[in-house]
Asks: 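Please see the structure below; I have some questions.
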Amino acid sequence: MDLKSNEPFWLLKNGLTASYPSLKSNEECDVLIIGGGITGSLIAHQMVTDGYKTMLIDKREICNGSTSATTSMLQYEIDIPLYELTEMIGEKGAVESYKACSDAIDILEKLTKIIRSDAGFKRKKSLYFASKKKDVNWLKKEYEARKNAGFKVKWLEADQIVKQFGFENTYGGIVSVQGASIDAFKFAHELLGYNIKKGLRIFDKTEMKKVEYHKGFNLVTVDSGFQIKAKKVIYCIGYESKNLLKENFVNLKSTYAMVSEIDADTFKNINSTLVWNTDDPYIYMRTTDDGRLLIGGGDEDFYDAEKRDILLNKKEKEILKTLKKIKPDYHFYTDFVWAGTFGETKDGLPYIGEHKKFKNSYFVLGFGGNGITFSVTGMEMASRFMKNKKHLLSEYFKFGR
């Protein structure tokens, strides 16, 4: 399954950041992490920090799946509005899920400082605006739900949005204080490099082919025929999990994104703001640390990578038409266009937990627009799993919910 088109911006921007060997011998470890994207790098960091002998494998080059195609917008807002999620799973689960994503941004900031990251982590506000008049009522309901839950939010009328952000033809919106952006591709590589020095072992172009379950350990056979004996296996394989788990727990979607040529002055008033709207599918935008505008949207059901990528030109025009509506005088000079694949769950929440068919194993599958922040929550949840302890959110993120 190809999870991105041929030219994701982050991969081209950063180039070949690091190179790792493939597995060429039988090995043993406490924890084997399968999947070397941003999620795998975060979980590996947690396992090494907790003192476990940790290995990580990926069937591709490291971070060359979805992590190279992500827009890296770090938001506490989940794709399902808080008031809707409350109706679906109850107030406690909904609010705690939102708070976990908010806390994840703070944790990521601390992590960037610990490893002295150069991946451009930047604190940002978030603007969520109504693109149609009929959306105002429910968006105001969402504003009240967030305010009542203790989130720092402010309602802006349409004229205030024009004044503060320069966007026309909106119908008001929510400004949230909590948000950030980062180059997740670069950060994941930095995190892995930091933990290699602490004992983490990484093997790319090494694909899991078979797992044998034994009392107290799993025996994982890879494509080269070598085996890894691991006390625990943690799957951080994102959308590839559709190939491993047979139940229908996530719908795959294609999303499209592009970045402009460097144009720092035009969007300096949103340089510290993440922007998205109430369209379905919604558009989203942010500036990059080198002065570009990144904008995306146009989500569709995913069928295969070839069909997804054929739509690149069509989706570019659709997204730019939406941008023209709110920024009529701006001409977007496209530098890169790419597509990625993400997963959409029934409640906008991830799947993090054990699965009855996989012994001595744990899954950290961050789906939706919060894949990275959910993965940060997964760090604590995986840490507790290793100690046979439950987490507050285990009930809401479990399989079969």
Side-chain angles (χ1 to χ4, degrees), residues 71 73-86 98 101-102 122-181 255-260 263-288 292-299 315-333 348 369-370:
T71 53
M73 291 172 65
L74 306 175
Q75 296 171 275
Y76 75 90
E77 298 105 319
I78 296 169
D79 285 345
I80 302 293
L82 178 57
Y83 80 91
E84 270 191 42
L85 189 59
T86 298
Y98 265 69
C101 289
S102 178
K122 183 175 180 180
R123 285 279 181 177
K124 297 190 175 185
K125 295 180 291 186
S126 173
L127 170 66
Y128 185 26
F129 70 83
S131 53
K132 298 180 179 67
K133 194 172 183 178
K134 67 180 179 66
D135 295 336
V136 172
N137 285 342
W138 72 256
L139 193 58
K140 282 190 173 178
K141 187 176 179 180
E142 174 66 5
Y143 163 72
E144 292 295 337
R146 293 189 193 179
K147 188 173 73 171
N148 292 337
F151 295 105
K152 293 180 180 178
V153 289
K154 184 179 179 181
W155 179 265
L156 294 186
E157 298 295 344
D159 59 334
Q160 293 174 297
I161 291 177
V162 173
K163 186 176 180 181
Q164 287 191 36
F165 302 105
F167 294 130
E168 300 178 22
N169 299 310
T170 76
Y171 296 89
I174 304 169
V175 173
S176 297
V177 171
Q178 182 75 319
S181 64
T255 191
Y256 299 82
M258 65 194 82
V259 291
S260 70
D263 186 11
D265 290 338
T266 301
F267 279 91
K268 58 186 177 184
N269 56 351
I270 66 158
N271 193 39
S272 296
T273 310
L274 309 173
V275 181
W276 55 315
N277 72 357
T278 57
D279 281 343
D280 185 17
Y282 57 82
I283 62 154
Y284 46 90
M285 66 181 88
R286 55 164 283 205
T287 55
T288 63
R292 304 170 187 268
L293 179 67
L294 187 160
I295 181 169
D299 302 350
K315 292 298 180 179
E316 178 187 4
K317 290 175 183 175
E318 283 181 16
I319 293 167
L320 291 182
K321 185 178 179 182
T322 303
L323 178 61
K324 200 75 175 174
K325 181 182 175 183
I326 60 173
K327 198 75 175 172
D329 299 329
Y330 174 65
H331 183 83
F332 185 99
Y333 291 95
N370 299 73

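Computed from a prediction, not measured in an experiment: that's the story for all the values here.
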Asks: Which heavy atom of I174 sits nearest a heavy atom of L139, and at what distance?
Replies: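 What the structure gives for the nearest pair is CD1-O, 3.6 Å.
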
Asks: How about Q160 and W155: do any of their side-chain heavy atoms sit closer than 4.5 Å?
Replies: no

Asks: Evaluate the side-chain proximity of T255 to K315: yes if any heavy-atom separation is below 4.5 Å, no if none is.
Replies: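 With C-beta onward as the side chain, the pair stays apart.
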
Asks: Within 45° of the ring axis of Y171 and under 6.0 Å from its six-membered ring centre, is that where the NZ or CZ of K134 lies?
Replies: no

Asks: Report yes or no: do Y282 and D299 form a side-chain donor-acceptor pair below 3.5 Å?
Replies: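 No donor-acceptor contact under 3.5 Å links the two side chains.
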
Asks: How far does CD of E84 sit from CG of D79, to the nearest 0.5 angstrom?
Replies: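 Interatomic distance, E84 CD to D79 CG, rounded to 0.5 Å: 11.0 Å.
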
Asks: When rounded to the nearest 0.5 angstrom, what is the spacing between CZ in R286 and OG1 in T273?
Replies: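 Interatomic distance, R286 CZ to T273 OG1, rounded to 0.5 Å: 12.0 Å.
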
Asks: Quick one: are V175 and V153 in side-chain contact, heavy atoms under 4.5 Å?
Replies: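 They are not in contact (no side-chain heavy atoms under 4.5 Å apart), so the answer is no.
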
Asks: Which value, rounded to the nearest 0.5 Å, describes the distance between L127 atom CG and L274 atom CG?
Replies: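 Between L127 CG and L274 CG, I get 9.5 Å after rounding to 0.5 Å.
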
Asks: Could you pull out the closest heavy-atom pair between E168 and V162, with the gap in Å?
Replies: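 Minimum heavy-atom contact is CA-CG2, 4.1 Å.
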
Asks: Does the side chain of S181 come under 3.5 Å of the side chain of K124 through a donor N or O and an acceptor N or O?
Replies: yes

Asks: Using the ring centroid of each side chain, check whether F151 and Y76 are separated by less than 6.0 Å.
Replies: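 Yes, they do, as the ring centres are separated by less than 6.0 Å.
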
Asks: I want to know whether F165 and F129 have ring centres closer than 6.0 Å.
Replies: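 Not under 6.0 Å, so no.
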
Asks: Any side-chain heavy-atom pair from K140 and W138 closer than 4.5 angstrom?
Replies: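 When only atoms from C-beta onward are counted, W138 and K140 do not touch, as no gap falls below 4.5 Å.
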
Asks: Should the heavy atoms of other residues, nucleotides or ligands under 6.0 Å from NZ of K152 be counted, would the total exceed 12?
Replies: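 Atom NZ in K152 is not packed in, count stays at 12 or less.
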
Asks: Hey, mind stepping through I270 and L293 against side chain to side chain contact (heavy atoms under 4.5 Å, CB included) and telling me if it holds?
Replies: CA-CA 9 Å; I270 66 158; L293 179 67; 3.9 Å; yes

Asks: Measuring from E157:CD to I161:CD1, what's the distance to the nearest 0.5 Å?
Replies: 8.5 Å

Asks: Just wondering, do M73 and Y284 contact through their side chains at under 4.5 Å, heavy atoms?
Replies: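 Side chain of Y284 against side chain of M73, heavy atoms only: contact under 4.5 Å found.
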
Asks: Which pair of heavy atoms, one from N370 and one from Q75, lies closest together, and at what distance?
Replies: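 Scanning both residues, the minimum pair turns out to be ND2-O, 3.0 Å.
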
Asks: Less than 4.0 Å between a side-chain N and a carboxylate O, is that true for K147 and E144?
Replies: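 Here E144 pairs with K147 in a salt bridge, since their nearest N and O are under 4.0 Å apart.
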
Asks: Can you see whether Y143 engages S176 through a side-chain donor-acceptor pair at a distance of less than 3.5 angstrom?
Replies: no

Asks: In Å and rounded to the nearest 0.5 Å, what is the CG to OG1 distance from N271 to T287?
Replies: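 Between atom CG of N271 and atom OG1 of T287 there are 4.0 Å.
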
Asks: Just how far is it from atom CZ of F167 to atom CE of M285, taken to the nearest 0.5 Å?
Replies: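 The CE atom of M285 is 4.5 Å from CZ of F167, to the nearest 0.5 Å.
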
Asks: Return the set of residues passing side chain to side chain donor-acceptor pair (under 3.5 Å) with Q164 (not counting sequence neighbours), or none when no residue passes.
Replies: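 Applying side chain to side chain donor-acceptor pair (under 3.5 Å) to Q164 gives none.
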
Asks: Are any of the side-chain heavy atoms of I319 and M258 separated by less than 4.5 Å?
Replies: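 Sidechains of M258 and I319: in contact.
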
Asks: Please state whether the rings of Y128 and W276 are parallel, tilted or perpendicular, taking 30° and 60° as the class boundaries.
Replies: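 Because their plane-to-plane angle is under 30°, the rings of Y128 and W276 count as parallel.
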
Asks: Check I295 against L323 and note the closest heavy-atom contact, atom names and distance.
Replies: CD1-CB, 3.9 Å

Asks: With side chain to side chain contact (heavy atoms under 4.5 Å, CB included) as the criterion, how do S260 and Y333 come out once you've worked through the C-alpha distance, each side chain's angles and the decisive distance to 0.1 Å?
Replies: CA-CA 5 Å; S260 70; Y333 291 95; 5.6 Å; no

Asks: Give the C-alpha distance, both sets of side-chain angles, the deciding distance and a yes or no for side chain to side chain contact (heavy atoms under 4.5 Å, CB included) between E318 and Y256.
Replies: CA-CA 10 Å; E318 283 181 16; Y256 299 82; over 6 Å; no

Asks: Given the rule in the side chain to side chain contact (heavy atoms under 4.5 Å, CB included) test, do T170 and S131 qualify, once you have shown the distances and angles that lead to the verdict?
Replies: CA-CA 5 Å; T170 76; S131 53; over 6 Å; no

Asks: Are K317 and L320 side-chain neighbours, meaning at least one heavy-atom pair lies under 4.5 Å?
Replies: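 Contact flag for K317/L320 side chains = no.
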
Asks: Decide whether D263 and T266 meet the rule of one side-chain donor and one side-chain acceptor closer than 3.5 Å.
Replies: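 Yes, because at least one side-chain N or O of D263 sits under 3.5 Å from a partner of the opposite role on T266.
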
Asks: I'd like to check the side chain to side chain donor-acceptor pair (under 3.5 Å) partners of E142; sequence neighbours left out, ordered by chain and number.
Replies: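 Expected list: R146.
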
Asks: State, yes or no, whether a side-chain contact exists between K141 and L82 at a heavy-atom distance under 4.5 Å.
Replies: no

Asks: Regarding S126 and Q178, is there a side-chain donor-to-acceptor distance under 3.5 Å anywhere?
Replies: no

Asks: Return yes when atom NZ of K132 has more than 12 non-hydrogen atoms of other residues, nucleotides or ligands closer than 6.0 Å, and no otherwise.
Replies: yes

Asks: I need the minimum non-hydrogen distance between V136 and A130, along with the two atoms involved.
Replies: CG2-CB, 4.1 Å

Asks: What are the two closest heavy atoms between D279 and N277, and how far apart are they?
Replies: OD2-ND2, 3.1 Å

